[in-house]
Each structure stands twice: as structure tokens, then as C-alpha cells.
Number of protein chains: 2
Amino acid sequence: MPSRDSYHHGDLRRALTDAALVLVRERGPKGFSLTEVARRAGVSAAAPYRHFADKADLLATVATLGFRQLTAALNAVPAGGDGRQRLVEMGRQYVRWALDHADFYLVMFGADTKQSDRTEVVRAAEDAFRALLDAISVAVSSGVLKVDDQHELAGSLWSVVHGTATLAIGRDLRHAGITTPAEDLAALTIAAVLR
Amino acid sequence: MPSRDSYHHGDLRRALTDAALVLVRERGPKGFSLTEVARRAGVSAAAPYRHFADKADLLATVATLGFRQLTAALNAVPAGGDGRQRLVEMGRQYVRWALDHADFYLVMFGADTKQSDRTEVVRAAEDAFRALLDAISVAVSSGVLKVDDQHELAGSLWSVVHGTATLAIGRDLRHAGITTPAEDLAALTIAAVLR
DNA sequence: ACCTGAACACCGTTCAAGT
DNA sequence: ACCTGAACACCGTTCAAGT
């Protein structure tokens with residue numbers, strides 16, 4: 001059986017993924033290095049290439065986990081009551097999650113994490129989007145919301161929360177003198193769109 | 001007088017900035033390297049450090065120019081007529097500019113371009129924001145728009161256009177099955193917010 | 001004052017060689 | 001099959017030395 005000392009690691013893929021999660025949180029997407037991840041997993045710099053195509057591939061795996069967590073957070077917003085109010089709450093939750101996991105969020109929407117063949121991340125991102133889509137569908141069915149194109153509305157709301165979250169993470173809202181907390185700003189913008 | 005062959009370049013700062021603008025457009029923020037910029041300016045890799053604190057400082061200069069161009073594009077939207085309609089048009093223009101200059105836009109909102117002491121970029125970004133703020137102020141004064149907090153509304157609208165632009169640049173809207181052009185999506189979202 | 005050359009520490013990635 | 005070691009090409013940054 002393979003031990004920690006043997007040249008077989010056992011589950012190096014997992015160990016690398018775990019180390020990557022820690023490193024992203026510690027240094028952000030910018031300070032992230034594959035060499036450092038390997039070092040933390042106690043393995044040579046070349047070893048990761050048995051399990052990941054390249055650095056971007058490992059980051060895409062991290063992003064996938066991030067999207068799944070975000071999806072869970074969105075779906076955890078209680079249903080029932082006014083369907084529009086639930087959409088506002090989901091928007092709040094989205095922005096809150098993004099700010100609480102800013103580094104992950106940046107990886108999830110990083111330049112190279114959704115390349116052509118990375119179907120897994122794209123699917124995970126779709127699932128997060130679907131949570132939003134479902135909430136819209138429910139609100140429309142219950143009659144509290146009337147809308148022509150539900151997909152388009154989902155795009156609008158996603159733009160609102162993503163824009164608010166990224167501007168807040170980049171401290172751009174603060175620089176512009178906007179003191180309203182990002183979460184509140186997203187909530188009132190969504191409420192305005194749904195009115 | 002200094003010639004191209006002398007060890008005095010003449011205006012190396014300018015030459016480096018120009019080369020950086022070209023390189024950002026050619027390779028994007030990710031493929032951008034200070035060494036390559038120096039090479040294109042016909043100078044050693046160490047030379048840029050006489051004119052820029054570091055790589056991020058040169059990128060901040062690029063970002064500053066980007067913000068100024070964006071501001072000009074926004075202010076070029078004709079005034080007069082319905083103040084709300086002008087805001088919609090400015091949103092369109094914002095998204096169009098961002099998509100037409102995607103690499104610049106990513107540099108402008110990149111992680112390290114707005115560090116503590118980089119007052120110039122921050123000021124340029126403020127000027128762009130002010131264009132939006134002014135348009136809101138005009139609409140309110142003319143009576144076509146009623147709003148409690150103009151600054152807050154500016155934050156809402158900025159979130160909308162920034163979110164739409166970045167999701168479009170990252171191809172996330174397409175992946176989510178949203179076929180509406182980003183520019184139209186931003187326009188209808190803004191119209192909804194102002195309604 | 002402004003730039004070069006060499007150096008340093010660090011990457012991502014490849015590949016023959018080991019177990 | 002899985003990992004190491006060495007190598008390669010490339011960075012960002014510093015600093016003594018040249019003009």
C-alpha cells in the first residue's frame with residue numbers, strides 16, 4: 001500500500017486541489033503559483049502535470065468548486081412568500097458570497113478558467129445561473145412577476161449582482177464615494193428592475 | 001542632441017507607454033510582459049525602472065489612458081431630449097466601448113492597477129464616473145427623473161454596465177444561453193431601473 | 001541623469017530517467 | 001503508472017558599472 005514516503009502519493013490530485021484552495025485564499029489569484037502548490041503537497045514541480053493539463057486546468061477545478069458552493073448558497077435562500085422578494089434576497093446572497101470569497105470569485109471569472117474544452121467549469125457556472133432562472137420562473141408562475149423573456153431578465157439580474165460584486169471587490173465603489181454597502185446596493189437595484 | 005543610438009533615449013517613458021498600449025491590445029493583460037515592452041522600445045529590461053516604479057505602475061498608466069478615452073466616449077453622447085433616454089444611451093456607449101477595447105477594460109479593472117498611491121488612475125476613473133453622475137443630475141433637474149440618492153443611483157447604473165460588460169467579455173452571457181447583445185441587455189436593464 | 005549587463009529568485013512546462 | 005531531476009525559456013526586479 002502506498003505511503004506518504006513512497007513515490008506513489010495515493011491521491012495527489014486531491015492533495016493538489018486542497019493545497020490550491022488554501023493558496024488561492026492566502027495569496028489571491030495573482031500570487032498563485034503551481035510550483036508553490038506542488039511544494040505544499042510535498043511533491044516536485046513536475047508532478048502536477050500527471051493530474052492537470054496545466055496551471056489553468058487546476059485553477060478551473062478550483063473555480064468549479066467555487067461555483068458549486070455559490071449555487072448551494074443561492075438555493076439555500078428560503079422559498080415561499082413573495083417571489084420577487086426572494087429574488088432580491090438571492091441577489092443579496094450572491095453579493096455576500098462573492099465578497100466573503102473574493103479570491104475564489106476572481107478565479108471563477110478569471111480570464112482563462114473557461115477555455116474551450118473545460119466543460120466542467122462551464123457546467124458548474126450554468127448550474128449557478130439556473131438557480132436564478134428557477135427563482136424567476138417561480139415568481140412568474142405565481143403571478144407576482146410579469147416578464148416577456150425570462151432568460152433575458154436572468155441576464156439583467158446576473159449583470160447587476162456580478163457588476164456590484166466585482167466593483168466592490170475592486171474597491172471601485174468606495175473610490176467613487178459610494179458608501180452604500182454592496183449588498184444593499186444590489187438589493188435596491190434588483191428591486192428597481194423588478195418593479 | 002540625443003539620437004536613437006545614444007544611451008539617452010529622449011523620451012523613453014513615452015516610448016514605453018506606446019509599446020505597452022500596443023502589447024496590451026496584442027496579447028491582453030495576461031500575456032503582457034514588461035520585458036517584452038522594453039524589447040519593443042529597443043531598450044534593456046532594466047531601463048523601464050527609471051520611469052516606472054514597477055510593472056503595475058506601467059499598467060496603471062495604460063489604465064489611466066483607457067479611463068480618459070472611456071470618459072470622452074461617454075461625454076460624446078449627445079445631450080438634449082429626454083434625460084433618461086440619454087442615460088440609456090450612455091449605458092450602451094459604455095458597454096460598446098468596453099467590448100471594443102476589452103483588453104484595456106480588463107487592465108483598467110485589473111487587480112493591482114488601483115493600489116494605494118496611484119492617485120492618477122483613481123482620478124481618471126472618478127472622471128468617468130462623474131460623466132454618469134452629471135447625466136443623472138441633468139435628468140433630475142429637468143424633472144424627468146425622481147430619485148432619493150443620485151450617488152446611489154449612479155452606483156446602480158455603473159454596476160449594471162460594468163456587470164454586463166465583464167460578463168460579455170468573459171463570454172459568460174453566451175455560455176448561459178443569453179443571445180441578447182450585451183449592449184441591448186444593458187440598455188433594457190437601465191431602462192427598467194429608471195422606470 | 002540615464003541606460004546596460006549581469007545577477008538573483010522565481011516561474012511554467014517538458015522529458016528522460018528512476019521506482 | 002507515477003514521480004523526480006534536470007533542463008529550457010521566460011519573467012520581475014536590483015544594482016554596480018558604464019557614458
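All values below come from the heavy atoms of this structure, side chains included, with hydrogens, waters and symmetry mates left out. What you are looking at is a predicted structure, and each value in this text was computed from that prediction instead of being measured.
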Between [X] and [N], does any side-chain N or O lie under 4.0 Å from OP1 or OP2?
| X | N | value |
| --- | --- | --- |
| A:His51 | D:dC3 | yes |
| B:Arg39 | D:dC11 | yes |
| A:Ser44 | D:dG5 | no |

Counting side-chain heavy atoms from C-beta on, which of [options] comes nearest to [X]?
| X | options | result |
| --- | --- | --- |
| A:Tyr49 | D:dT14, C:dT13, D:dC3 | C:dT13 |
| A:Lys55 | D:dC11, C:dG12, C:dT4 | C:dG12 |
| A:Ala45 | C:dC3, C:dT13, D:dC3 | C:dT13 |
| B:Ala46 | D:dT13, D:dT14, D:dG5 | D:dT14 |

Atom [atom1] in [X], atom [atom2] in [Y]: separation rounded to 0.5 Å?
| X | Y | atom1 | atom2 | answer |
| --- | --- | --- | --- | --- |
| B:Thr71 | B:Trp97 | OG1 | CH2 | 9.0 Å |
| B:Asp100 | B:Gln93 | CG | CD | 9.0 Å |
| A:Arg84 | A:Ile136 | CZ | CD1 | 13.5 Å |
| B:Gln85 | B:Met90 | CD | CE | 13.0 Å |

Nearest-Å distance, [atom1] ([X]) to [atom2] ([N])?
| X | N | atom1 | atom2 | value |
| --- | --- | --- | --- | --- |
| A:Asp11 | D:dC2 | CG | P | 11 Å |
| A:Leu12 | D:dA1 | CG | P | 17 Å |
| A:Glu36 | C:dC10 | CD | P | 10 Å |
| B:Arg50 | D:dG18 | CZ | C1' | 13 Å |
| A:Leu34 | D:dC3 | CG | P | 14 Å |
| A:Asp54 | C:dC15 | CG | C1' | 17 Å |
| A:Phe52 | C:dT14 | CZ | P | 16 Å |
| A:Phe32 | C:dG12 | CZ | C1' | 12 Å |

Which one is paired to D:dT19, where only Watson-Crick or G-U wobble pairs with both distances under 3.5 angstrom count? C:dA1

According to the Watson-Crick and G-U wobble definitions, with both distances under 3.5 Å, which nucleotide is paired to C:dA9? none

Minimum side-chain heavy-atom gap B:Leu65-B:Arg68 below 4.5 Å: yes

Would you call the rings of A:Trp158 and A:Phe129 parallel, tilted or perpendicular, taking 30° and 60° as the class edges? tilted

Under 6.0 Å between ring centres: does that hold for A:Phe109 and A:His162? yes

With a 4.0 Å heavy-atom cut-off, tell me which residues in residues 16-30 of chain B come close to DNA chain D, sorted by residue number. none

